[in-house]
Number of protein chains: 2
Amino acid sequence: MVKKIENTEEKIIAAAREVFLRKGMDGARMQEIADEAGINKSLLHYYFRSKDKLFDRVFTETFKNVIDLITEVFSSSITLESFIENFVRGYTSVLIKKPYIANFVLHELSRNPQRVVEHINLTNFDKLKLASLISSEDKNTIRQFNPIQIIVDILALCIFPFVAKPIIKGFMFDGDIEEYNIFIDQRTQHIIEFVKSAVFIQK
Amino acid sequence: MVKKIENTEEKIIAAAREVFLRKGMDGARMQEIADEAGINKSLLHYYFRSKDKLFDRVFTETFKNVIDLITEVFSSSITLESFIENFVRGYTSVLIKKPYIANFVLHELSRNPQRVVEHINLTNFDKLKLASLISSEDKNTIRQFNPIQIIVDILALCIFPFVAKPIIKGFMFDGDIEEYNIFIDQRTQHIIEFVKSAVFIQK
DNA sequence: ACACGATTTAACCAAATAGTTAAAGCAATT
DNA sequence: AATTGCTTTAACTATTTGGTTAAATCGTGT
């Protein structure tokens, strides 16, 4: 190869992600993606034969970030407390670095739920992990919530603030992005304390 | 008028909501909306001059449900505990009746954040209410979390399970809709207990 | 029977857009 | 200098789709 192929390819993927995110798969225009990537439409089709293929690539690549994270967190936590901390830290740190992930996945979840679920099912990710961690705790130190409710709780607490960013920023903080950023900075610690307060019984 | 105008109009709105929800504003086709409503495209344009106007109507109507609820809950709660209970009960009961609301609003939030925020700002909805309820509690009985974090927590816990339905159903419950429904039934009570456990200090 | 609004039918238009093609240019490798 | 592969330009096609139009039909209250 003569010029660096990855560079243009990555530029296209980043541009496509931007545009798909802003406009959704249907709203996105190939021309707009080309513009965003600083290339022309012909070259775009030279790299990715169709809009569908391009979207597929972007989705798979984006989703992989989440999968890798979850797998890692699930396999490395050995107590309930460390699970909660790792899970929340892992999730929020990924979302702080790549906030677009939340919207992107949720958008695809409503457009094509089947596909998202299939991607999750491809992972070998142990959904009974939390239940087993809970059952190995002393029953007098934790409240007996349904483990699945707790998993959903933690996911909700981590993901929602990114999806609802315009509302939190625009309404809660009157449009002040700095206040929103502070809010997000404090979010990780807040969730950990909130969940632990809810789950563990204080003496 | 000769025939009942509301009937067809409502049929169109319901059909449009369905299709807009499934496909998003851009993915939706006027023809598909007409089919779903059991009428033809001409009549669709006879009632709503353009796709934009139709979407606008559907959005405003859908969003009104949420607004009315929040306003009601905010004005009627006089203690922190009753606020939490009313808020969660109000939110989950609306979403159980009309689960499409969550996706619909979130979808529009990423397509046109400005518009959603404007709609919220039009309400006279007191965002300091929770803070004032917290400050009137005995400091020894509640944990000192940031009130805005708590509001976001509650919203997240209520809304997320509906948005993530395909994941919860498809992955957590291996596609069993009945188990998902039971999960949702228990959700209201779970959230209330979870939040109260986190916020109130037990003796 | 008449009028009038609701509804259908069917053909049509204009714009947008995914995707194609082909020829030419460019930059590094050989 | 020739080759090779990335990149541009620009014109083009086919299809989809929002929206229009006009005439016919249907149903009901007067």
Side-chain angles (χ1 to χ4, degrees), chain A residues 1-62 104 107-108 110-112 114-115, chain B residues 1-62 104 107-108 110-112 114-115:
Chain A
M1 61 212 79
V2 182
K3 290 188 185 169
K4 41 247 153 129
I5 203 178
E6 305 106 325
N7 213 321
T8 302
E9 200 168 322
E10 275 165 25
K11 241 168 39 183
I12 292 177
I13 299 224
R17 185 161 46 218
E18 273 285 314
V19 178
F20 281 138
L21 183 63
R22 276 204 304 267
K23 306 288 181 75
M25 158 70 174
D26 294 304
R29 299 292 152 232
M30 291 299 266
Q31 186 58 59
E32 196 179 344
I33 295 175
D35 291 347
E36 178 90 26
I39 59 164
N40 54 48
K41 210 175 50 157
S42 295
L43 193 61
L44 192 55
H45 280 92
Y46 178 82
Y47 277 87
F48 298 91
R49 258 185 277 168
S50 71
K51 191 183 182 182
D52 280 316
K53 285 194 169 52
L54 176 57
F55 184 83
D56 213 86
R57 174 70 176 278
V58 171
F59 176 77
T60 306
E61 212 140 292
T62 302
F104 195 79
H107 203 281
E108 186 61 3
S110 84
R111 204 182 72 101
N112 194 347
Q114 199 55 36
R115 174 207 222 131
Chain B
M1 57 213 79
V2 181
K3 289 187 188 172
K4 41 247 151 130
I5 204 176
E6 306 105 323
N7 213 322
T8 301
E9 199 169 322
E10 275 165 25
K11 239 168 39 186
I12 293 177
I13 299 225
R17 185 161 47 217
E18 273 286 313
V19 178
F20 281 139
L21 183 62
R22 276 203 306 268
K23 306 289 180 76
M25 159 71 174
D26 295 305
R29 299 293 154 234
M30 292 299 267
Q31 186 59 58
E32 197 178 344
I33 295 174
D35 291 347
E36 178 90 25
I39 58 164
N40 53 47
K41 210 174 52 158
S42 294
L43 193 61
L44 191 55
H45 280 92
Y46 177 80
Y47 277 89
F48 298 91
R49 257 184 278 169
S50 72
K51 192 183 182 182
D52 280 316
K53 284 194 169 54
L54 176 56
F55 184 83
D56 214 86
R57 175 71 175 278
V58 171
F59 176 78
T60 306
E61 213 141 289
T62 303
F104 195 81
H107 202 283
E108 184 61 4
S110 83
R111 205 182 71 101
N112 193 348
Q114 199 55 37
R115 176 208 220 131

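Note: hydrogens, waters and symmetry copies are ignored here, and every other heavy atom, side chains too, is used. Source: prediction; values computed, not measured. All chains are named by letter (A, B, ...) in the order of the sequence lines, taking the proteins before the strands, and each is independently numbered beginning at 1.
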Legend entry - Most 5' of G38(B) and D52(A) on DNA chain C, judged by nearest nucleotide: G38(B)

Inset, instruction - Name the closest nucleotide to the H45(B) side chain, picking from dG19(D), dG19(C), dT8(D). - result: dG19(D)

Legend entry - Residue pairs passing the ring pair (Phe, Tyr, Trp, His ring centres under 6.0 Å) test where at least one lies in residues 10-36 of chain A, sequence neighbours excluded: F20(A)-F55(A)

Inset, instruction - Not counting sequence neighbours, list each pair that qualifies as a salt bridge (charged side-chain N to carboxylate O under 4.0 Å, His left out) and has a residue in residues 17-34 of chain A. - result: E18(A)-R22(A), R22(A)-E32(A), R22(A)-E36(A), K23(A)-E32(A)

Inset, instruction - Using a cut-off of strictly less than 4.0 Å, decide whether T8(A) has a side-chain nitrogen or oxygen near OP1 or OP2 of dT7(D). - result: yes

Inset, instruction - Output yes when at least one side-chain N/O atom of Y46(B) is less than 4.0 Å from OP1 or OP2 of dA6(C), else no. - result: yes

Inset, instruction - Spell out protein contact along nucleotides 10-17 of chain D as letters: B when the base is contacted, S when just the sugar-phosphate is, - when no protein heavy atom is under 4.0 Å; keep the 5' to 3' order. - result: B------S

Inset, instruction - Determine: side-chain N/O of Y47(B) to OP1/OP2 of dT7(C), distance under 4.0 Å, yes or no. - result: yes

Inset, instruction - Any chance you could measure Y46(B), atom OH, to I39(B), atom CD1, to the nearest 0.5 Å? - result: 11.5 Å

Legend entry - Axis deviation across the helix from dA1(C)-dT30(D) to dT30(C)-dA1(D), five-pair ends, to the nearest 10°: 0°

Inset, instruction - State which residues pass salt bridge (charged side-chain N to carboxylate O under 4.0 Å, His left out) with E108(B); sequence neighbours excluded, sorted by chain then number. - result: R111(B), R115(B)

Inset, instruction - Could you tell me the separation between the CD1 atom of I12(A) and the CG atom of N7(A), rounded to the nearest 0.5 Å? - result: 10.5 Å

Inset, instruction - Output all residues satisfying side-chain contact (heavy atoms from CB on, under 4.5 Å) with D35(A), sequence neighbours left out; order by chain, then residue number. - result: Q31(A)

